[in-house]
Amino acid sequence: MEGLNNGDTAWMAMSCALVLFMTPGLAFFYGGLVRDSNIVNTMMMSIISMGLTTITWLIFGFSWSFDEWGAGKGFTYVGFRHLQDKVWPDTTMPGLTFAIFQMTFAIIAAAIISGAVVERIRFSAYAMFIVVWVLAVYVPLCHWIWGGGWIAEMGAKDFAGGTVVHISSGTSAFALASLLGERKHRAESFPSNLPFVILGGGILWLGWTGFNGGSAFAANGDCALAVATTYIAAAAAMIMWVTVERILDGAPTSIGAMSGAVAGLVNITPCAGFVEPLGALGVGAIGALCCIFAARGLKKLNLVDDSLDCFSLHGVGGFAGAILGGFFDTGDGLIYGNDGMLLVKNLAGAAFGVVYSAAVTAVIFFLMRLVMRMRVSEEQELEGVDLHCHSEVAYGKNENSGKPNAFGEHSQRFKPEEAPTLLTSCESILSSRPKFLDAAQDSILACFIAVHCSAAKTAATWPRSSIGFFEGMEGLNNGDTAWMAMSCALVLFMTPGLAFFYGGLVRDSNIVNTMMMSIISMGLTTITWLIFGFSWSFDEWGAGKGFTYVGFRHLQDKVWPDTTMPGLTFAIFQMTFAAWCDVGCTAAIIAAAIISGAVVERIRFSAYAMFIVVWVLAVYVPLCHWIWGGGWIAEMGAKDFAGGTVVHISSGTSAFALASLLGERKHRAESFPSNLPFVILGGGILWLGWTGFNGGSAFAANGDCALAVATTYIAAAAAMIMWVTVERILDGAPTSIGAMSGAVAGLVNITPCAGFVEPLGALGVARKTEVGAIGALCCIFAARGLKKLNLVDDSLDCFSLHGVGGFAGAILGGFFDTGDGLIYGNDGMLLVKNLAGAAFGVVYSAAVTAVIFFLMRLVMRMRVSEEQELEGVDLHCHSEVAYGKNENSGKPNAFGEHSQRFKPEEAPTLLTSTAAAAASEKPTATATEV
């Protein structure tokens, strides 16, 4: 297939999967925000789009979007014909890959609409609506903007769907909600499952890597820029949103954090490939302000019941992104290019998208209302739509069920013999409709013909196909760049995974706070890494040095030294590591997130947030520089393949030090895991993400990558089996917590040496297995020993898993390294060097953590009050509970209407509670009062 590039095709195929996965993510995001009697219906409205929109796109949608328009035209690609053996014009991928990638955009666009009309629209009406909407709204806008139509010719820019996806769906959602009317139970509607919201938001952030990164249509510098700006804008918007909540409402919420992240992702979509990283910071922050005040303003005006604020997040967010792109575009923007024409063109294109989407949605609604009922009955709406529309409930057994199971045994509210079927209920359905069905169908068909029989257009072109900012980047390898972009997404997703792993291990009154401490790292660490973290880690140190890469400058047009990937991709990959340590953006993010597990259920959220920012700069960044940035530990000869010392020893030791200084929990004896499926889900996500964590640390899709992935999987498996075996011998039963803890221990153990150990012989027995098994023994007996000694309340055994696990991995690497190890190379020097490097990491991390703690204690209170700790931190710190409605809630909704335990007029805000906060945060004299 002439012109095909395997690396670009691999990236685009992965992007298809990532964007497709966004729709189940949206289902969870929406599902957690509704009453528990409507969760199934809400999630189904997202999921059904995967079926209906796929078929619609296959038959007519793609061809009408990307073929020429005119009499007898528009049918070249019906059924994806003529795509199998061609490379799509102006790209290096197969035509089928291009078609499928575009299909995933149409799927998510249609699914977004449901959020405005959930809890009241009939499922069958919604299903029919989205089929018509895709053809009558999405397809024309897609053609006019991306298919060579008049908006593209006018010069408006839409990189990944600000108008095509978000303005169209957000505006249509608003119009449909206004025409449908408000919910009968609106005052009683409240979020029922906040972990679902966090899971859905995390999946959306993961998928947006492909949504925006894939819109470069190649694994190149444009892709790297789009991924970097996407992560930065989401982080900036998250922090901006929770900051506004803290000022106005008195508490940052998990709903606010995830809504802010989604708002930032929407804001950056129209301009992800056109702005620089620092510009993305402005796009995310300013765009988030537009979205949050639009949501609050619309709630206050009470004009339209947009159930889940679709218009505020997607309509306003997409519009704001288009306008901000007109300012921050590095080529034609008002700030950089001193040219206001792009701003005018973007404004015109976005405004037309609003008007067109609203008008056609209204036409579709009125035509459909001629032939069918659009809303469920009032009784069904008040009781809950799940039972009436789907004969299911989200959790447990239906109390009115004939039989409790789903497959073959009815889960209906009816007895089996009374359950209506499509055949038995046709008569009643038809009798409820007007008799002029055929005439109405003719009207709909005529509307279609009018929309699509426009004047003939010139041959379809693709304005985004060759952006050209990074053409000719010498030394770039598309395949390696594709793998590294995917690794960024995988490691980023580890942080939501860690949130669930930790969240399932605490009391249910602390789940939200525990998960939020992981999630907030995605925002805070990203911004910290962007401004100073990366530059201080990988630039030279010295007087006047260390600032070359501040704001990711000088990275956009270069391949990172000794690699074949763009500098921006390298910077983003390293960022995800740092965030992982406190909970998990990519390496830096996860490093910071890990720490939270030792101090959950007692540390103040604001204190923790401030701590991780300082910790990243004072602990993580220096160790990263000394080991990976050419510093003295690397020169000494110690090896750390993917972060045994940089990530795990640093975070595990810091967690232990912080926990010891903070003191034990007041309710320690009564604390127990509350949701084991969360632990299993989180552990599974961590194992998935570690594919990119260790495999990506090879910095290429090569043999080193393959070896690292293989050793990672085998070590995790060996450690899991070892852990549950020990449990069976000592406790009499293997546990799910033990299985997942063992897997995580093995993943940590292998991290320092994943690319340096190899299998033993042709039998498939692996030396890496020994690393996992021996390392797991170290971790499990460390955890049990520390619990028995009862010296430090390390809540979730962070030190045993990460500190001890990372240290054990460094030592075992000194034995099993195939080049310089004691067993293979008969040389003990690597063992000595690894031991010295790991020991320094322990001492340095503990010492600096102690300094940070004592300095912070001078200016703020570190622990929640004893009353708050005993009652549960969620309500006091975030005014939320994980499941269901707050019994003490003032109002049930999230945006502008309080979900707090306080009445709205009593809720303390940052402005009204300054004096009280200052009085309560005076440092105390004894450690027990901290």
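Given the structure is predicted, the values throughout are model-derived calculations rather than measurements. Atom set for the values below is all heavy atoms of this structure, side chains included, hydrogens, waters and symmetry mates excluded.
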Worksheet item: After noting the C-alpha distance and the side-chain angles of Val792 and Leu786, does the key distance pass the side chain to side chain contact (heavy atoms under 4.5 Å, CB included) rule?
Response: CA-CA 7 Å; Val792 176; Leu786 288 171; over 6 Å; no
Practice prompt. Check the pair Glu601 / Ser795 against side-chain hydrogen bond (donor to acceptor under 3.5 Å, both in side chains), numbers first and verdict last.
Written response: CA-CA 8 Å; Glu601 301 190 300; Ser795 308; 5.3 Å; no
Fill in: Stepwise side chain to side chain contact (heavy atoms under 4.5 Å, CB included) test for Leu875 and Val881
CA-CA 6 Å; Leu875 273 175; Val881 291; 3.9 Å; yes
Practice prompt. Might you work through the side chain to side chain contact (heavy atoms under 4.5 Å, CB included) test for Gln574 and Trp628, ending with a clear yes or no?
Written response: CA-CA 10 Å; Gln574 294 298 331; Trp628 290 340; 3.5 Å; yes
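Just one of Phe611, Phe605, Tyr608 meets the side chain to side chain contact (heavy atoms under 4.5 Å, CB included) condition when paired with Ser596; it is Tyr608.
A donor-acceptor pair under 3.5 Å is absent between the side-chain atoms of Thr525 and the main chain of Met522, judged by distance alone. Side-chain atoms of Arg863 do not come within 3.5 Å of backbone N or O of Arg604 as any donor-acceptor pair. Using a distance-only test at 3.5 Å, with no hydrogens or angles considered, no donor-acceptor pair links the side chain of Thr849 to the main chain of Leu658. Under a 3.5 Å cut-off, the side chain of Asp874 and the backbone N or O of Glu880 do not form any donor-acceptor pair.
Between Ile520 and Met238, some side-chain heavy-atom pair lies under the 4.5 Å cut-off. Between Ile594 and Leu498 there is a side-chain heavy-atom pair separated by less than 4.5 Å. By the 4.5 Å heavy-atom criterion applied to side chains, Ser697 and Phe573 are counted as neighbours. Looking only at side-chain heavy atoms (C-beta outward), Phe693 and Val647 come within less than 4.5 Å of each other. Taking the side chain as every heavy atom from C-beta outward, Tyr502 and Cys798 approach each other to under 4.5 Å. Here the side chains of Ser650 and Trp615 are in contact, with some heavy-atom distance below 4.5 Å. Between Val873 and Gln868 there is no side-chain heavy-atom pair separated by less than 4.5 Å.
To the nearest 0.5 angstrom, Ser537 atom OG is 9.5 Å from Leu623 atom CG. To the nearest 0.5 angstrom, Ser800 atom OG is 10.0 Å from Ile780 atom CD1. Taking CE from Met722 and CD from Glu727, the interatomic distance works out to 13.0 Å, rounded to the nearest 0.5 Å. Leu617 CG to Ile612 CD1: the interatomic distance, rounded to the nearest 0.5 Å, is 11.0 Å. Between the CE atom in Met856 and the CG atom in Leu661 there is a gap of 12.0 Å [rounded to 0.5 Å]. Taken from CD1 in Ile603 to CD in Glu869, the straight-line distance is 11.5 Å, to the nearest 0.5 Å.
Counting heavy-atom neighbours within 6.0 Å of Met610 CE, excluding the residue itself, gives a total of 12 or less.
Judged by distance alone, the side chains of Trp690 and Thr751 do bring a donor and an acceptor atom under 3.5 Å apart. Side-chain N/O atoms of Ser845 and Thr653 include no donor and acceptor closer than 3.5 Å. Residues Ser509 and Glu871 bring no donor and acceptor atom of their side chains to less than 3.5 Å of each other.
Minimum interatomic distance between Gly806 and His648 (heavy atoms only, all atoms of both residues): CA-CB, 4.3 Å. Between Ala745 and Cys779, the shortest heavy-atom distance links the atoms CB-SG, 3.9 Å. Residue Gly775 comes nearest to Ala808 through the heavy atom pair CA-CB, 4.4 Å, listed as atom of the first residue, atom of the second, then distance. The nearest pair of heavy atoms linking Ala618 to Tyr844 is O-OH, 2.7 Å. Taking each heavy atom of Cys753 and Gly809 in turn, the nearest pair found is SG-O, 3.9 Å. Here the closest heavy-atom approach between residue Leu801 and residue Val748 is recorded as O-CG1, 3.5 Å.
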Quiz: residues 810-817 side-chain donor-acceptor pairs under 3.5 angstrom, not counting sequence neighbours:
{"unit_1": "Asp817", "atom_1": "OD1", "unit_2": "Gly819", "atom_2": "N", "d": "2.7"}
{"unit_1": "Asp817", "atom_1": "OD1", "unit_2": "Asp820", "atom_2": "N", "d": "3.0"}
{"unit_1": "Asp817", "atom_1": "OD2", "unit_2": "Lys639", "atom_2": "NZ", "d": "3.2"}

Without placing hydrogens or testing angles, list every side-chain donor-acceptor pair under 3.5 Å for residues 673-688, not counting sequence neighbours.
{"unit_1": "Ser674", "atom_1": "OG", "unit_2": "Val506", "atom_2": "O", "d": "2.6"}
{"unit_1": "Asn675", "atom_1": "OD1", "unit_2": "Phe678", "atom_2": "N", "d": "3.2"}
{"unit_1": "Asn675", "atom_1": "ND2", "unit_2": "Tyr883", "atom_2": "OH", "d": "3.0"}

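Scanning for side-chain hydrogen bond (donor to acceptor under 3.5 Å, both in side chains) contacts around Ser741 gives an empty result, with sequence neighbours left out. Considering only residues two or more places apart in sequence or on other chains, Leu855 meets the side-chain contact (heavy atoms from CB on, under 4.5 Å) condition with Val851, Leu858. The side-chain contact (heavy atoms from CB on, under 4.5 Å) check on Ala754 picks up Phe641, Asn694, Ala708, Thr711, Thr712, Ile750, with sequence neighbours excluded. When the side-chain contact (heavy atoms from CB on, under 4.5 Å) test is applied to Ala609, the partners found at least two apart in sequence or on another chain are Leu524. For Asn513, the side-chain hydrogen bond (donor to acceptor under 3.5 Å, both in side chains) test picks out His878, with sequence neighbours left out. Judged as a ring pair (Phe, Tyr, Trp, His ring centres under 6.0 Å), and not counting sequence neighbours, the contacts of His625 are Trp541. Shown here are the side-chain hydrogen bond (donor to acceptor under 3.5 Å, both in side chains) partners of Thr691, two or more places apart in sequence or in another chain: Tyr713. Under the side-chain hydrogen bond (donor to acceptor under 3.5 Å, both in side chains) criterion, Asp640 pairs with no residue at all, not counting sequence neighbours.
Using cut-offs of 30° and 60° on the angle between ring planes, the pair Trp529 and Tyr620 is perpendicular. In this structure, Phe799 and Phe656 have tilted ring planes: the angle between them lies in the 30° to 60° band.
Applying the ring pair (Phe, Tyr, Trp, His ring centres under 6.0 Å) test to every pair with at least one member in residues 775-795, sequence neighbours left out, gives no pairs at all. For residues 774-794, the set of pairs meeting the salt bridge (Lys or Arg N to Asp or Glu O under 4.0 Å) definition, not counting sequence neighbours, comprises Arg602-Asp793, Arg665-Asp793, Arg668-Asp793, Asp731-Arg784, Lys787-Asp797.
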